[in-house]
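Below you'll find the structure, written out as structure tokens, and then a few comments.
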Protein chains: 2
Amino acid sequence: MATIKDIAQAAGVSLATVSRVINDGPKVGAKTRERVKTIMKELGYRPNANARALVTQRSASLGVVIAELHDPFFATLAHGVETVTRKQNVQILLSAGSIARETELKAIETLLEHRVEAMVVHSKTLDDDTLIAFANQIPGFVLINRYIPAIANRCVWLDNVTGGRLMAEYAIRQGHEHLALISSHYQIDDPAQRLEGIRLATSNAGLTLPDSMIEYATPDQEGGELAMQNLLATGTHFTALLAYNDAMAAGAMAVMQDHGIDVPEQVSIIGYDDVLLAKYCRPKLTTLRYPIEMMAAKAAELALKYASGTAPEEGLTFKYTPTIVKRDSVARL
Amino acid sequence: MATIKDIAQAAGVSLATVSRVINDGPKVGAKTRERVKTIMKELGYRPNANARALVTQRSASLGVVIAELHDPFFATLAHGVETVTRKQNVQILLSAGSIARETELKAIETLLEHRVEAMVVHSKTLDDDTLIAFANQIPGFVLINRYIPAIANRCVWLDNVTGGRLMAEYAIRQGHEHLALISSHYQIDDPAQRLEGIRLATSNAGLTLPDSMIEYATPDQEGGELAMQNLLATGTHFTALLAYNDAMAAGAMAVMQDHGIDVPEQVSIIGYDDVLLAKYCRPKLTTLRYPIEMMAAKAAELALKYASGTAPEEGLTFKYTPTIVKRDSVARL
DNA sequence: AATGCGACTGAAAACGTATACCCTGATTTT
DNA sequence: AAAATCAGGGTATACGTTTTCAGTCGCATT
């Protein structure tokens, strides 16, 4: 591949001049500029981003760490980031952490080796101190979907306690008194926070949510199916099912329908996230809107801003609150 | 961030020695190696991938060009690539081309500037010659979801003609004689090839698929809804609906159900792709399995292999054939 | 005619790493 | 005991850019 030196030689100018042409530098004559430009076209010249990053100490690139790409939630997250990087001509480096400590750590470190300027990280397995250390080391380090007080201005997160409260309150307002919950068995904050919110709502209403009405499984469709089967097997009675996310809700719904249980006539279901499938499944899923695309875009903007030298304002935080989306999977009792 | 020079200084050795330690090079004593390693840990040293890429002329990175991340199909594609890059410690650089000529071109060029070793490209808008030129310039350039004879050994693609034929044949075998089609309005090969396959099947069976039974729209849920509404508005009669993909199928199904048309009792539906939602929607969608994750993994392996110097074998090609997945959206007449 | 100035261009150093080549001292071979 | 080998380690160059610092030239100003 042609280098700046080849261009310089062919155009009969120095390296410096070619470099100035490339970067629209100031001090180069009009005809020289044109000549160099045509030669660049002819030779199909492409600046070497690595060399450039090395000398300028900046890379116009942003690293993204997510769990798994084929999860629609993370795909949407990545898409949100992409909308802003595209506008700013920033390249995305993507790494999957697959909810495993070692892998997440490795993902971040690899990104670090590539000297990305900014970083949007979704980490559930790394502990606060590790993340705080990264944040202190990398100006453009932003966490999404997690809140750590010590680096509040680097966190873009969702209020899961309120989210849990909202879904339970809605069910209760619709007349439901017997709730069940299928949740994620991952040892991370989200399920616990949502449960906290749910318990807040139930106790406010004078209800209880006994542990026997809670099933844990992987937060995907299969987990939803499994959890639902377990719940059915115990023979417990409930009229409203709260799910950790839409995928679990859909899985549970499928199992119920296979068992001849009408949704929502016999059992109402509420999901969480509002991913695409919430609109596709039948009945359409009543769920909590998780504005992840917007949040991801915000995180990317923030990361890029911090990376470019803007000091993060102290005390600032980026909390989002979910809202309920009413569709057809909840019946009024 | 600490450099190799800092390490060398702190350890009282030369740059070369440190470099040898990093790369598990041969000529360094056991105790020196240990000393250097501990110092690297202490200083939190991370090799600079840019500098390394510059001097070695290789980058251990793979570029991916897709249309839009939030499309589940592309998310799955990216995930397929990711499974193999992770195994081989290769970093993914991701760019979205959004089915626009300029953007796709720019995506590839940016990746080129980053000197990615390999590239898995999904391009529908770039012409053959442009892609052939890239393929000739970049050893690790592989196309996915497209077939260009001149660079057959760089193409991992699906036989869409057979796919179209299979879906139509299945409908016909189930006793359907009146077919309708909702397809993508993008001016790319796929819809045309699938239509060709469908027409093959209908004429073999002595049937016809008049243009009045075909509606075009964007290949997503909304497009499916729109196309279905148009089809209903014309008042044409059909008992089986073939869709360009699962999203359109789901959109169409939703519209039918909203109009009180029973699926599959009154109208059968066949999708294409077999993405997640095919299992979620009710009735579960009978569809064509597009093994995109497997294909993407294959493409990534291929790209990495070619990039590492293995010459592509002439005449080799990587054609995949879709298979029908029978679920609940087709009734026997 | 000397001076200054502005516009343009070039030479060279730097970024962080890998590696070919050279050097030293010790061990083995004859 | 001299020569040959070898393990261990250092020196210096190159990779492709950007950028600082010096020029050089022509022209207008005194």
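The analysis underlying the following values was restricted to heavy atoms, covering all of them including side chains, and did not include hydrogens, waters or symmetry mates. Within every chain, numbering begins at 1; the chains are lettered A, B, ... in the order of the sequence lines, protein sequences first and strands thereafter.
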Which is true for A:Arg46 with a 4.0 Å heavy-atom rule: it touches a base, it touches only sugar-phosphate, or it touches nothing? sugar-phosphate
Classify the side-chain pair B:Thr125/B:Glu104 by whether it contains a donor and acceptor separated by less than 3.5 Å. yes
[atom1]/[X] to [atom2]/[Y] distance, rounded to the nearest 0.5 angstrom?
| X | Y | atom1 | atom2 | answer |
| --- | --- | --- | --- | --- |
| B:Ser59 | A:His114 | OG | NE2 | 7.5 Å |
| A:Ser61 | A:Asn89 | OG | CG | 12.5 Å |
| A:Ile292 | A:His122 | CD1 | NE2 | 6.5 Å |
| B:Arg52 | B:Asn48 | CZ | CG | 9.0 Å |
| B:Ile148 | B:Asn153 | CD1 | CG | 11.5 Å |

[X] [atom1] - [N] [atom2] separation (whole Å):
| X | N | atom1 | atom2 | result |
| --- | --- | --- | --- | --- |
| B:Ile4 | D:dT13 | CD1 | P | 18 Å |
| B:Ile22 | C:dT19 | CD1 | P | 11 Å |
| B:Lys5 | D:dG10 | NZ | C1' | 15 Å |
| B:Met40 | C:dG16 | CE | P | 17 Å |
| A:Met1 | D:dC15 | CE | P | 16 Å |
| B:Ile7 | C:dA18 | CD1 | C1' | 16 Å |
| A:Asp6 | D:dC15 | CG | P | 11 Å |

Has A:Thr3 got a side-chain atom pairing as donor or acceptor with A:Lys5's backbone, closer than 3.5 angstrom? yes
D:dA14 phosphate, OP1 or OP2, under 4.0 Å from B:Gln57 side-chain N/O: no
Name the pairs: protein N/O against N/O of nucleotides 5-8 of chain D, kept only if under 3.5 Å.
none

Under 4.0 Å, heavy atom to any atom of DNA chain C: which of residues 13-21 of chain A qualify? A:Val13, A:Ser14, A:Ala16, A:Thr17, A:Arg20
Using a cut-off of strictly less than 4.0 Å between a heavy atom of the residue and any atom of DNA chain C, enumerate the qualifying residues of residues 47-56 of chain B by number. B:Pro47, B:Asn48, B:Ala51, B:Arg52, B:Val55, B:Thr56
I'd like to know whether NZ of B:Lys305 has more than 12 heavy-atom contacts from other residues, nucleotides or ligands below 6.0 angstrom. no
Would you call B:Asp190 and B:Arg146 a salt bridge, using N to O less than 4.0 angstrom? no
Is the shortest distance from a Lys or Arg side-chain nitrogen in A:Lys124 or A:Asp189 to a carboxylate oxygen in the other one below 4.0 Å? no
Validation row, ring centre A:Phe73 to ring centre A:Tyr290 under 6.0 Å: yes
